Number of protein chains: 2
Amino acid sequence: MEKIYTIKDIAELAGVSKGTVDRVLHKRGKVSEDALKRVNEVLASIDYQPNLMARSLKKTQIYSICVLIPDSANDPYWQPCIDGINEAKKEFKSFNVKVEIFLFDPTSTSSFVETNKKVLAASPDAVLLVPLFHKEAINAIEIYNSKGIISSIFNNQLQSNAIKSFVGQDLFQSGRIAARLLDLLLKKGTIAIVHIDEDYENAIHMQEKEKGFRDYFDTLENGKFEIKTFKVKHPQFKSTLKEFLESNPAIEGLFVTTSKAYQVAKIISKNPEKKIALVGYDLLENNLEYLNNKTIDFLIHQNPKRQAYLGTTSLIEHFIFEKEIVAEKLLPIDIVNTENAKDYFS
Amino acid sequence: MEKIYTIKDIAELAGVSKGTVDRVLHKRGKVSEDALKRVNEVLASIDYQPNLMARSLKKTQIYSICVLIPDSANDPYWQPCIDGINEAKKEFKSFNVKVEIFLFDPTSTSSFVETNKKVLAASPDAVLLVPLFHKEAINAIEIYNSKGIISSIFNNQLQSNAIKSFVGQDLFQSGRIAARLLDLLLKKGTIAIVHIDEDYENAIHMQEKEKGFRDYFDTLENGKFEIKTFKVKHPQFKSTLKEFLESNPAIEGLFVTTSKAYQVAKIISKNPEKKIALVGYDLLENNLEYLNNKTIDFLIHQNPKRQAYLGTTSLIEHFIFEKEIVAEKLLPIDIVNTENAKDYFS
DNA sequence: ATTTTTATTGTGTTCGAGCACATTTTAACA
DNA sequence: TGTTAAAATGTGCTCGAACACAATAAAAAT
C-alpha cells in the first residue's frame, strides 16, 4: 500500500507551510516562483489524492439537483425512475446534496413548461430531465445553461451543446435486437412493425427502432423476410389492427416499438390457433402478464430505473467528488423472456 | 430539506454534553437512566444520520480486504473479475480500505490451499473468494471465521453459516432460461444437455443448470421435446461428441452448461446444412466469434465482472459506511444475442 | 534611512464524530 | 460527618482540507 500524502506532508517535503501548498493546489496565486516550483516538484514526484472526506466535511455548501420526470399516474413506465432516483438519494443522503423530484403530465406540453418554470424558481445547481417535448426541452435547457445550471437528460436523446450528459440506450441497436429475435423465432415470413399510441413524427425513438429493425433484415440479404409498417393511434386501435391482420394473413411476427405490446397481445391471443411471434418493450405489469402466458415472446427492457439512477448519481458525484460527467452513457439492452423477467426488479 | 442534526444538536436538545450523546449512540454505558432517557427521546423525535465524512475522517484504521480468484491465465472467464475488483478499488481509493487480489490456479487444489495460507498470513479484515474447491473452501472459511475475518463468496454457492454473503446467479433459473430459449427456437424435437470439461460430480453449477433445464420441459407437459444428457471431459471431447451427434441424428438443439460452447460450435459448424440450435454460457472471445457467425444462437451472461464488483463493494461499504452485508445477492441472468453482446462490456 | 505599500508566507480555526482524559456528582463506607 | 470509591458527565484534542487572518519579508515611496 503506497503512502497516502496529506497537504501537511507536501508542505514538509517542499519546506513551505500548508497554506502555500493550498494556494498552489487551488491556483490562488500569491506564491513566489521559488515556492511554486518546489511545491510542484513534490506534487510531480508523489501521487497526491485529496481526502474527499475532509473536503466535503469542510464545505458546507449544499448542492441542489432537480429531476423532472413524467408522472407515473399517466404512464406506469415512469414509476421505476422514481425508485432509481430515491435509491441515489438514499445512497448519498449523508453528503451535501439535495435531490428534488418534479413531476409533469407527459400528455401536456404546458405541464412540462410550467414544471420547468417551477424548477427554475428553485434555482438548483443542476437539472436532470426527460425531454419528452423536443422544442420546449431545448428551450428550457438553454435557459438553464444561461443561468449556469447544468442540464442532463435521460431516456430520450436530444441534440444541444447545452446538454452535459445523456443516459439511455442505443435505439437503433435496440431495433436490431428485436429483428434478430424475430429472425431466430421465425426463420422466414412476413413481419410487421407496429407503432402505437404516440405521435410518430415527434417520437424519434420509434423511428430509430424501425430503422435498426429494417437495417438488420437489409444486411441479411437473404430475402426470406418481408417487413411492413403499421401506425395507429389509440382510439381506433383495436379495430384497425384487427383489420390490418386480417388483410395481411401472411404476417407471422410483430414488433411493437412502444410499451403497449399488451394491447396487441390482447387482440392476437383471441386467435390461439395461429401463433404470431411478438416482441415488445418494457416490463409493465400488463406486458408481463402476456409474457408469462407466452403470447409475448420477448420483451426488451429499457431499464428506466437504472437510467434515472445513473443520471442522478453522475450529477451528485460531479458535485461531491468532482467526477467528470460522461457525455453519453448507453445502457445494455436487456432481452427478457418468461424466465428472467423477475430478475430485473431489484 | 429537513434539518441535518449533529451530535452537538442532540446534546443541546437533551441538555447533556456531546460525550454523553456519544456514549448513548455507541452503547458504551456509563450513562444515568435519566440522561439515557432524555437522549433517546431526542433521538426518537428526530432522524439523526451520523456524518460519514466526519466519521471516516476520524477513523484512521485502514481496513484490509483480500480477494481470492482463479488466475485468468488458466481460464479467460476470470479476467472480467479483476476488472470489476479494480473498478471497486478505484471508486473507493480515497477511503481507508486496501484491497488485494490473490490469484490461484483453478486446476489445482493445492494452489487454492496455498493461496489461502498466504491470505491468512496477511490477516485481513475480510476475504472475498471463489470457492471452486468445495471441501477446501469450507475449511478455509471456517479458519477465517475463527479468527474473526469476514468471508464472502461469489460465483459459486456454498452452504456454511460462516459465510457472510454470496453474490451470484440462480443457476436453476438459468437452466430454465436456456430451456425457454430452445423452446422458442425449436417448438419441438430432441435436445441434448452437454456438460464439458469439468468434474461433473464436484460441479454443482452444472447439476443445477440441468435441473432447471429439465424442470422447464417437465412443467411444459406437452411431450413435444425429448431431453438427453451428454457428459464429456476434454481429451476425448471432439471424437465423442461427433459420435454422439451421429448416433442421435434427431438432435436439433444443444445446451452447453459451461463456457465451452465454442468447442461444440466448432464441431457443428462443419456441417452447415443441418443447423442445430445452440445455447451456451459466457461472453468469451471464442464464444462471441461463433455467436456472431450465428452458430451459437444465444449466450447466457453470468456477469462475472459485476459479481466481483458487488462482492468487493459490499465489503468495503460494510467497513466504511457500516452498511449491512446482504446474505444473498442474485444478479439478473442476461440473455445475449449477436446484437446486444457488446453492450455487456462496460 | 525610515515609513508605507505590496508581496509572500505562516498560523489558527472550522467542519462532525470519536475517544481519551479531566472533572463533577453520587454512592458507599468508616 | 468525613473520606474514598465508583459512577456519571463534560472537555478538549484529533483526523485533512479550506480559508480567513496574522505575520513576516521584500520592494517602493518618502
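Please read these numbers as outputs of a predicted model, since none were measured by experiment.
When distances run from any side-chain atom of A/Arg28 to the nucleotides C/dT9, D/dC19, C/dG16, the shortest one goes to D/dC19.
The phosphate of C/dT9 (OP1 or OP2) has a side-chain N or O of A/Ser32 nearer than 4.0 angstrom. For A/His26 and D/dA18, the shortest distance from a side-chain N or O to OP1 or OP2 is below 4.0 Å. Phosphate proximity of C/dG16 to B/Arg55: absent, as no side-chain N or O sits under 4.0 Å from OP1 or OP2. Regarding contacts with the backbone of D/dA17, a side-chain N or O of A/Tyr48 is found under 4.0 angstrom from either OP1 or OP2.
Side-chain atoms of A/Tyr48 and A/Asp9 form no donor-acceptor pair, as typed in the model, at a separation below 3.5 Å. Remark: the A/Glu328 side chain and the A/Gln157 side chain contain an N/O donor-acceptor pair separated by less than 3.5 Å.
As rounded to whole Å, 6 Å separates atom P of C/dC15 from atom NZ of B/Lys8. A straight line from CG of A/Asn96 to P of D/dA18 spans 13 Å, rounded to a whole angstrom. The NZ-P distance, from A/Lys30 to D/dA26, rounds to 18 Å in whole Å. If you take CD of B/Glu33 and P of C/dA27, they are 12 Å apart, rounded to a whole angstrom. Going from atom CD of A/Gln61 over to atom C1' of C/dT14 covers 17 Å, rounded to whole Å. The distance from atom CG of B/Leu43 to atom P of C/dA17 is 12 Å, rounded to the nearest whole Å. As a whole-Å value, the separation of A/Ile7 CD1 from C/dT13 P is 18 Å. Between the C1' atom of C/dG18 and the CE atom of B/Met53 lies a distance of 16 Å, rounded to the nearest Å.
Under the side chain to side chain contact (heavy atoms under 4.5 Å, CB included) rule, B/Trp78 has a single partner from B/Val130, B/Leu103, B/Asp71, which is B/Val130.
Put simply, the side chain of B/Ile316 does not reach to within 4.5 Å of the side chain of B/Phe95, judged on heavy atoms. Counting only heavy atoms from C-beta outward, the side chains of A/Asp34 and A/Ser32 approach each other to under 4.5 Å.
The stretch residues 14-25 of chain B touches DNA chain D through B/Val16, B/Ser17, B/Lys18, B/Gly19, B/Thr20, B/Arg23, each having a heavy atom under 4.0 angstrom from the strand.
Residue contacts shown for B/Leu57 include a base, since a base heavy atom lies under 4.0 Å away.
Salt-bridge annotation for B/Lys117 and B/Glu114: present, with a side-chain N of the basic residue lying under 4.0 Å from a carboxylate O of the acidic one. Taking a cutoff of 4.0 Å between a charged side-chain nitrogen and a carboxylate oxygen, A/Lys18 and A/Asp22 do not qualify as a salt bridge.
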